[in-house]
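Here's the structure, in structure tokens; my notes come after.
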Amino acid sequence: MGYIKLNKQSFFHNLDYFSSICTKEKVSVALKDNAYGHGTYESATMCKEYGIEHVFVRTMDEAKSIEEFNFKSVLVLYDIPESFDPNVVISVNNIEDIAKIPQNTKCEIKIDTGMNRNGIVKDEIAEAVKLMKQNNLVVNGIFTHFCCADEDNDITAKQEKLFLESVEELKKYTDHDFRTHCANSAGVHKVDMSKYDLARIGIGAYGYLEGMPQEKHLKPVMSLHAKKIASKRVKKGDHIGYGSSAYIASCDMTVSNYNIGYGDGFFRFDEKTKAKIQDGRDILGRVSMDSFSVQGDDEEIVIFENVNPLAKSLNTITYTVLAMLNGRIPRIIF
């Protein structure tokens with residue numbers, strides 16, 4: 001199969017940018033879902049070298065995979081440990097989960113401020129704290145998630161107002177020694193970060209703020225590469241790959257097949273997509289499970305250094321293309 005290169009200096013550049021907005025000590029980096037395809041372990045390695053103290057993941061398995069880095073906090077967003085683990089902070093996404101969390105676990109209450117996805121509402125805070133105290137859980141923090149911080153509207157301001165009211169509500173039932181956070185990569189540009197203890201930086205750390213002018217300050221971290229399997233000389237009228245009409249050569253040409261396919265999490269582009277690799281050459285016909293073809297005979301090709309054009313050709317977002325790349329693809333930090 002092909003391989004992924006991770007540009008450490010680009011990663012550090014992006015973290016410098018967000019540190020300039022909210023201070024390095026407040027930057028918490030997303031390592032969830034294989035770090036949006038960049039590799040949880042590899043990205044944790046770069047975070048540790050840069051000096052990041054806080055990260056967040058999706059599952060306990062992800063948290064355990066980075067135990068050796070001894071981050072100051074690892075927030076687990078959507079999982080509950082089987083037993084007490086001093087190295088993690090668990091998100092409380094609903095009242096019912098509180099009884100399932102092992103005693104003494106550090107927890108953070110997620111507040112639903114209008115996304116209507118998960119989290120409790122302000123009126124449930126008193127009950128949540130009561131149940132947490134009964135179960136000997138530690139109230140480590142309170143947070144929310146913005147649904148529209150990358151858009152030009154007033155929804156984020158309304159969400160922040162409700163969140164700040166929820167913080168004051170929590171203070172009624174517990175001491176004030178808990179942390180607060182609400183902003184994602186886009187959100188740090190919409191709120192006063194001096195009010196909060198953390199910023200949860202996701203896709204921005206990896207070089208993207210799709211649709212926002214601030215994206216110009218960032219550098220993509222990942223590039224995807226493939227190696228040649230074989231070259232063929234095809235004649236005008238020959239078809240390439242699956243489907244007799246998927247791609248028909250318009251002239252005699254040399255075509256090479258490369259070792260990335262949808263089995264690796266790359267998309268199954270077809271003749272309607274008109275997808276291109278980094279240098280502008282077309283992907284010819286349909287992507288196979290293990291390979292795809294382009295014109296030429298290069299020993300290696302760069303599929304993308306900036307994933308935006310590929311995402312747009314699929315009418316999707318950068319997250320989708322990046323996060324789907326299989327964890328077994330080798331990832332090299334340089």
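By convention here, the first residue in the shown sequence is residue 1.
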Practice task
Would you check, one step at a time, whether the test side-chain hydrogen bond (donor to acceptor under 3.5 Å, both in side chains) holds for T113 with Q159?
Solution key: CA-CA 5 Å; T113 54; Q159 283 193 268; 2.8 Å; yes
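- Ring-centre distance between F56 and Y78: not below the 6.0 Å cut-off.
- When side chains are defined from C-beta on, S65 does not count as touching Y41, because their heavy atoms never get closer than 4.5 Å.
- At distances below 3.5 Å, at least one donor-acceptor pair connects side-chain atoms of R331 with backbone N or O atoms of I329.
- Two residues are said to be in side-chain contact when any heavy atoms from C-beta on lie closer than 4.5 Å; I109 and V129 meet this criterion.
- Side-chain contact between I260 and I303: present, with at least one pair of heavy atoms (C-beta onward) separated by less than 4.5 Å.
- Checked by atom type and distance alone, the side chain of T40 pairs as donor or acceptor with a backbone atom of L31 at under 3.5 Å.
- Under the 4.0 Å criterion applied to side-chain N and carboxylate O atoms, K236 and D252 are not assigned as salt-bridge partners.
- In this structure, N116 contributes its side chain and G114 its backbone to a donor-acceptor pair below 3.5 Å.
- Checked by atom type, the side-chain pair D61/T59 shows no donor-acceptor distance below 3.5 Å.
- Considering only heavy atoms from C-beta on, D297 comes within 4.5 Å of S231 through its side chain.
- In terms of hydrophobic clustering, with Ile, Leu, Val, Met, Phe, Trp and Tyr side chains grouped at heavy-atom distances under 4.5 Å, V88 and V139 are assigned to a common cluster.
- The main-chain N or O of A323 is never found under 3.5 Å from a side-chain atom of D33 such that the two would form a donor-acceptor pair.
- The only option from K276, Q295, K274 that meets the side chain to side chain donor-acceptor pair (under 3.5 Å) definition with D282 turns out to be K276.
- Exactly one residue among Y319, Y206, F11 makes a ring-ring contact (aromatic ring centres under 6.0 Å, His included) with H38. That residue is Y206.
- Remark: the S91 side chain and the N93 side chain contain an N/O donor-acceptor pair separated by less than 3.5 Å.
- Residue S185 comes nearest to F18 through the heavy atom pair O-CE2, 3.6 Å, listed as atom of the first residue, atom of the second, then distance.
- Contact check for F178 versus I142: side-chain heavy atoms found under the 4.5 Å cut-off.
- Looking only at atom types and distance, the side chain of T254 has a donor-acceptor partner in the side chain of R233 under 3.5 Å away.
- Judged purely by atom type and a 3.5 angstrom limit, E300 has no side-chain atom pairing as donor or acceptor with the backbone of K227.
- N7 is not listed as a side-chain neighbour of S223, based on a closest heavy-atom distance of 4.5 Å or more.
- Residue D152 qualifies as open at atom CG: its count of foreign heavy atoms under 6.0 Å is 12 or below.
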Problem - Chi angles and distances behind the side-chain hydrogen bond (donor to acceptor under 3.5 Å, both in side chains) call for K48, T45 - result: CA-CA 5 Å; K48 193 68 177 181; T45 300; over 6 Å; no
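- Under the 4.5 Å side-chain heavy-atom criterion for grouping Ile, Leu, Val, Met, Phe, Trp and Tyr, M60 is connected to V92 within one hydrophobic cluster.
- Taking the charged nitrogens against the carboxylate oxygens, K32 and E62 have no contact shorter than 4.0 Å, which rules out a salt bridge.
- Side-chain atoms of T320 do not come within 3.5 Å of backbone N or O of T316 as any donor-acceptor pair.
- Side-chain polar atoms of S293 and N257 form a donor-acceptor pair below 3.5 angstrom.
- With respect to D298 and R281, a salt bridge is recorded, a charged nitrogen being found less than 4.0 Å from a carboxylate O.
- A donor-acceptor contact shorter than 3.5 Å links the side chain of K26 to the backbone of M193.
- Cation-pi geometry between K24 and Y50 is met: under 6.0 angstrom from the ring centre, within 45 degrees of the axis.
- Few gaps surround CD on E68; more than 12 heavy atoms of other groups in view lie less than 6.0 Å from it.
- Between L310 and L314 there is no side-chain heavy-atom pair separated by less than 4.5 Å.
- Side-chain contact of K110 with N118: a donor-acceptor pair under 3.5 Å is present, judged by distance alone.
- Follow the hydrophobic side-chain contacts under 4.5 Å out from I4 and you reach Y208 in the same cluster.
- Residue N315 qualifies as open at atom CG: its count of foreign heavy atoms under 6.0 Å is 12 or below.
- Put simply, the side chain of N104 never gets that close to the backbone of V138: no donor and acceptor are under 3.5 Å apart.
- Residues F266 and F292 bring their aromatic ring centres within 6.0 Å.
- K171 NZ: more than 12 foreign heavy atoms inside a 6.0 Å radius.
- A salt bridge links K100 to D97: one of the charged nitrogens lies within less than 4.0 Å of a carboxylate oxygen.
- Classification of K64 and D85 as a salt-bridged pair holds, one side-chain N sitting under 4.0 Å from a carboxylate O.
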Exercise for the section: Before giving the answer on salt bridge (charged side-chain N to carboxylate O under 4.0 Å, His left out), spell out for E108 and R179 the whole-Å C-alpha distance, their side-chain angles and the decisive distance to 0.1 Å. Expected result: CA-CA 8 Å; E108 297 194 351; R179 69 184 187 181; 2.4 Å; yes
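- Stacking of K8 on the aromatic ring of F334 is not recorded, the 6.0 Å distance cut-off and the 45° axial limit not both being met.
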Practice task
Carefully, step by step, assess E127 and Y173 under the rule side-chain hydrogen bond (donor to acceptor under 3.5 Å, both in side chains).
Solution key: CA-CA 10 Å; E127 181 184 359; Y173 307 105; over 6 Å; no
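- In terms of modelled atom types and a separation under 3.5 Å, the side chain of D264 and the main chain of G261 share a donor-acceptor contact.
- A salt bridge between D112 and K122 is absent, with no side-chain N of the basic residue lying under 4.0 Å from a carboxylate O of the acidic one.
- Hydrophobic clustering keeps I80 apart from L77 (ILVMFWY residues linked when any side-chain heavy atoms are closer than 4.5 Å, directly or through intermediates).
- Annotation for R58: atom CZ does not count as buried by contact number, only 12 or fewer foreign heavy atoms lying within 6.0 Å.
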Exercise for the section: Show your working on side-chain contact (heavy atoms from CB on, under 4.5 Å) between F71 and N87 and close with a plain yes or no. Expected result: CA-CA 8 Å; F71 290 109; N87 297 316; over 6 Å; no
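- Heavy-atom contacts from other residues, nucleotides or ligands closer than 6.0 Å to CE of M289 number 12 or fewer.
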Practice task
Evaluate the side-chain hydrogen bond (donor to acceptor under 3.5 Å, both in side chains) criterion for residues E151 and N153: first the C-alpha distance (whole Å), next the side-chain angles of each, then the deciding distance (0.1 Å), finally the verdict.
Solution key: CA-CA 6 Å; E151 298 177 11; N153 55 45; 3.1 Å; yes
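- Considering only heavy atoms from C-beta on, V191 comes within 4.5 Å of Y196 through its side chain.
- For the 3.5 Å distance criterion, the side chains of H145 and R200 qualify, holding a donor opposite an acceptor.
- Remark: of the listed residues T105, V89, V57, V57 is the sole one forming a side chain to side chain contact (heavy atoms under 4.5 Å, CB included) with V76.
- Remark: the backbone N or O of Y17 is paired with a side-chain donor or acceptor of S20 at under 3.5 angstrom.
- Under the 4.5 Å side-chain contact rule for hydrophobic residues, L325 and Y262 do not share a cluster.
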